[in-house]
Protein chains: 2
Amino acid sequence: MSISVLIAEDQSLILGALAALLEMEQDIKVVARATNGKDALQLAEKLQPDVVVTDIEMPGMTGLEFADALKQRGHAARVIIVTTFARPGYLRRALDAGVRGYLLKDAPAEQLADAIRTVHRGGKMIAPELATAAWDSEDPLNDRERQVLRLAGEGFASAEIARQLFLSEGTVRNYLSEAIGKLGANNRVEAARIARQKGWL
Amino acid sequence: MSISVLIAEDQSLILGALAALLEMEQDIKVVARATNGKDALQLAEKLQPDVVVTDIEMPGMTGLEFADALKQRGHAARVIIVTTFARPGYLRRALDAGVRGYLLKDAPAEQLADAIRTVHRGGKMIAPELATAAWDSEDPLNDRERQVLRLAGEGFASAEIARQLFLSEGTVRNYLSEAIGKLGANNRVEAARIARQKGWL
DNA sequence: CAAACCGCATGACAATCGTCACCCCGAAGT
DNA sequence: ACTTCGGGGTGACGATTGTCATGCGGTTTG
C-alpha cells in the first residue's frame with residue numbers, strides 16, 4: 001500500500017512542483033493539497049493522510065500552528081516541515097509540536113521522499129544543519145544587546161540608537177562590541193546578519 | 001521537437017520539484033539544472049537551451065545578473081524569472097535585461113509550462129500583479145554601486161569589498177558615498193536597507 | 001580634433017566605529 | 001558589614017567610514 005500524503009504550501013507553483021516531485025515515487029500518493037493551514041487542517045481530518053508535508057510561513061495559520069493543532073486533536077498523521085529557514089528557534093517549536101521531520105528547501109530533492117518514508121516508518125528526519133545547532137547554539141545575546149543590534153542592523157548610528165534607548169552613546173558602543181565579540185563578527189552589520197539568520201533578533 | 005529548458009534555482013528541493021513538474025509535460029525537456037547563476041551561465045552557453053527558467057535570489061550571481069549576462073553575449077535563450085518577490089524594481093530590471101517572462105511563485109502551477117510555451121513561441125508573460133506597477137520609481141543606482149552596496153549590506157568592510165571586486169578601497173568608498181547620497185541615506189547600512197526594500201539589490 | 005564623459009584612483013580630513021581599561025552604584029549573598 | 005555582580009557610564013586610541021576635490025586614461029560626440 002502506498003503512503004498517502006497531504007501537502008500544505010502557500011506558493012501554488014511550489015505546491016504543484018512538490019506534488020509533481022512526489023508523484024514520481026510509486027510508493028507515495030499525494031491525496032490532497034492546501035495553500036494554508038486551515039484548509040490543511042480540515043483536509044487532514046477528513047482524509048487521514050499518513051504523512052503531512054507543510055511549509056512554515058503561510059497566511060492565516062502557520063505550519064507550526066497547524067502541526068500543533070493536529071497534535072492537540074490526537075491525530076496520527078506524522079508531520080514533516082519543509083522550510084527555507086534554518087532557524088533553530090523554529091526547529092525547537094516544531095519538535096515541541098511533535099513534528100517528525102524538518103527539512104530545508106535547499107536539501108537535495110530526493111530527501112523529501114526519503115523523509116516521508118522514514119517518518120512513515122516511525123523514524124525522524126531532521127536537517128543536519130540544524131540537528132546539532134538546536135543544541136549548542138543557544139542565543140548568547142542579552143536583552144540590551146539584542147535591542148541595540150537590531151537598530152544597528154537597520155542602519156541607525158550609535159548616537160541615534162542611544163537616543164532611542166535612553167542610553168549613552170558609549171554604552172551603546174560597548175553593547176555592540178560585546179555582541180560583535182559573542183557572534184564572532186567583524187562589525188555591527190555582520191553581527192546583525194548572523195543574529196538575524198539564527199533567528200535571534 | 002520538444003522545448004529544451006534549463007532551470008536555475010538555489011534551493012535544491014525546489015529545483016528538483018520544478019524539474020519534476022516540467023517533466024510531466026511531454027513537449028518540455030529539462031536539459032540542465034543549476035543552483036547558482038555562474039553554473040547556469042556556463043551550462044546555458046554549452047547546451048543552448050531554448051528557454052531558461054531562473055529564480056532571482058541566488059548566491060553569487062542573481063537571476064537578474066544572469067539574465068543580463070546572457071543578453072550581453074547575444075544569447076538566443078529566452079529567460080523566464082520565477083520569484084517570490086513582487087517588487088516592481090525587480091521586474092523593471094528584468095525587462096531591461098531582456099527577460100521574456102516574470103512569474104510569481106504563488107501563481108498556479110500550470111502557468112509555468114504555459115509561460116515556457118508562450119515565451120518559446122516568442123511571446124511574453126508577465127505576472128498580472130506586476131504588469132501595471134512596473135513604472136514606479138526608477139532605480140538610481142548603477143551597476144557598480146549595486147554590487148558594492150550589496151556587499152556592504154552583508155557586513156563586509158570597504159577593504160574586503162575592494163578585494164572581491166578588484167577595485168581600490170578608495171573607489172569602493174566613493175561608490176558607497178554616491179549610493180548613500182542617491183538614496184538619501186545616512187550610511188551604507190541604511191542605504192542597503194532602502195535599496196533592498198525597493199527591490200534594487 | 002577637441003570637448004565632454006565615464007570608470008577608476010588618490011589623498012586628505014572629519015566623523016563614526018570598535019576596543020579596552022576602569023569607574024559608579026544599587027541589589028544580592030553570606 | 002563586606003564582598004560580589006550586573007547594568008550603565010567615561011575616556012582614550014586606533015581603525016574604518018563618509019566626503020570631497022582632483023587626476024588620468026579611454027570612449028563617445030559635436
Side-chain angles (χ1 to χ4, degrees), chain A residues 138-198 200-201, chain B residues 61-62 64-65 68-69 71-74 92-93 96-97 138-198 200-201:
Chain A
E138 242 345 276
D139 181 350
L141 302 175
N142 65 36
D143 225 41
R144 280 309 202 186
E145 286 157 6
R146 230 191 316 283
Q147 291 177 40
V148 166
L149 197 51
R150 189 173 312 126
L151 292 172
E154 307 268 338
F156 291 108
S158 306
E160 181 55 31
I161 298 174
R163 220 165 298 130
Q164 290 192 36
L165 300 181
F166 305 102
L167 293 174
S168 87
E169 181 180 341
T171 302
V172 168
R173 296 225 300 278
N174 286 339
Y175 283 137
L176 278 171
S177 188
E178 267 298 298
I180 291 168
K182 284 180 179 177
L183 299 177
N186 291 305
N187 55 55
R188 51 180 72 193
V189 189
E190 195 181 347
R193 213 198 43 190
I194 292 173
R196 242 193 308 270
Q197 180 225 322
K198 298 251 190 184
W200 294 335
L201 277 199
Chain B
M61 177 184 259
T62 71
L64 292 172
E65 290 166 341
D68 210 41
K71 185 190 176 193
Q72 296 310 332
R73 324 203 168 186
R92 268 200 50 77
R93 285 212 282 143
D96 288 347
E138 271 297 337
D139 180 351
L141 301 175
N142 67 33
D143 226 42
R144 281 308 204 187
E145 286 157 6
R146 233 192 315 282
Q147 291 177 39
V148 164
L149 197 51
R150 185 161 42 229
L151 292 172
E154 307 266 339
F156 292 107
S158 306
E160 181 55 30
I161 297 173
R163 219 165 298 128
Q164 290 192 36
L165 300 181
F166 305 102
L167 293 174
S168 87
E169 181 180 340
T171 302
V172 168
R173 297 224 299 278
N174 286 339
Y175 284 137
L176 278 172
S177 188
E178 267 297 298
I180 291 168
K182 285 181 179 177
L183 299 177
N186 291 305
N187 56 55
R188 50 180 74 192
V189 189
E190 196 181 347
R193 211 196 64 225
I194 292 172
R196 241 193 307 270
Q197 180 222 320
K198 297 255 191 184
W200 294 336
L201 276 198

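Within every chain, numbering begins at 1; the chains are lettered A, B, ... in the order of the sequence lines, protein sequences first and strands thereafter.
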Taking B:R150 for the side chain and B:L201 for the main chain, is one N or O donor matched with an acceptor at less than 3.5 Å? yes
Check for a donor-acceptor pair, side chain of B:K71 on one end and backbone N or O of B:D96 on the other, with a separation under 3.5 Å. yes
Atom CG of A:L151 to atom P of C:dC17: distance rounded to whole Å? 13 Å
Using only side-chain N and O atoms of B:S158, determine if any of them is under 4.0 Å from OP1 or OP2 of D:dT16. no
Could you check how far CD1 of B:I161 sits from P of D:dG18, rounded to whole Å? 9 Å
Check the distance between C:dG7's C1' and B:E145's CD and give it to me in whole angstrom. 11 Å
Would you check if there is a donor-acceptor pair between the side chains of B:E145 and B:N142 at a distance under 3.5 Å? yes
Does any N or O in the side chain of A:E190 come within less than 3.5 Å of the main-chain N or O of A:N186, such that one atom is a donor and the other an acceptor? yes
Rounded to whole Å, how long is the line connecting atom CG of A:N142 with atom P of D:dC5? 17 Å
At under 4.0 Å, does any side-chain N or O of A:R144 touch on OP1 or OP2 of D:dG7? no
Within residues 167-182 of chain A, which residues have any heavy atom lying less than 4.0 Å from an atom of DNA chain D? A:L167, A:S168, A:G170, A:T171, A:R173, A:N174, A:Y175
CG of B:D143 versus P of C:dC6: gap in Å, rounded? 15 Å
Test item: B:Q197 side-chain N/O and B:R193 main-chain N/O as donor-acceptor pair under 3.5 Å: no
Taking CG from B:L165 and P from C:dA9, how many angstroms apart are they, rounded to a whole number? 10 Å
To the nearest angstrom, the CZ-P distance between A:R163 and D:dG8 comes to 18 Å
Of the non-hydrogen atoms in A:V189 and B:A152, which two are nearest, and what is the gap between them? CG1-O, 3.9 Å
A:F166 CZ - D:dG9 C1' separation (whole Å): 17 Å
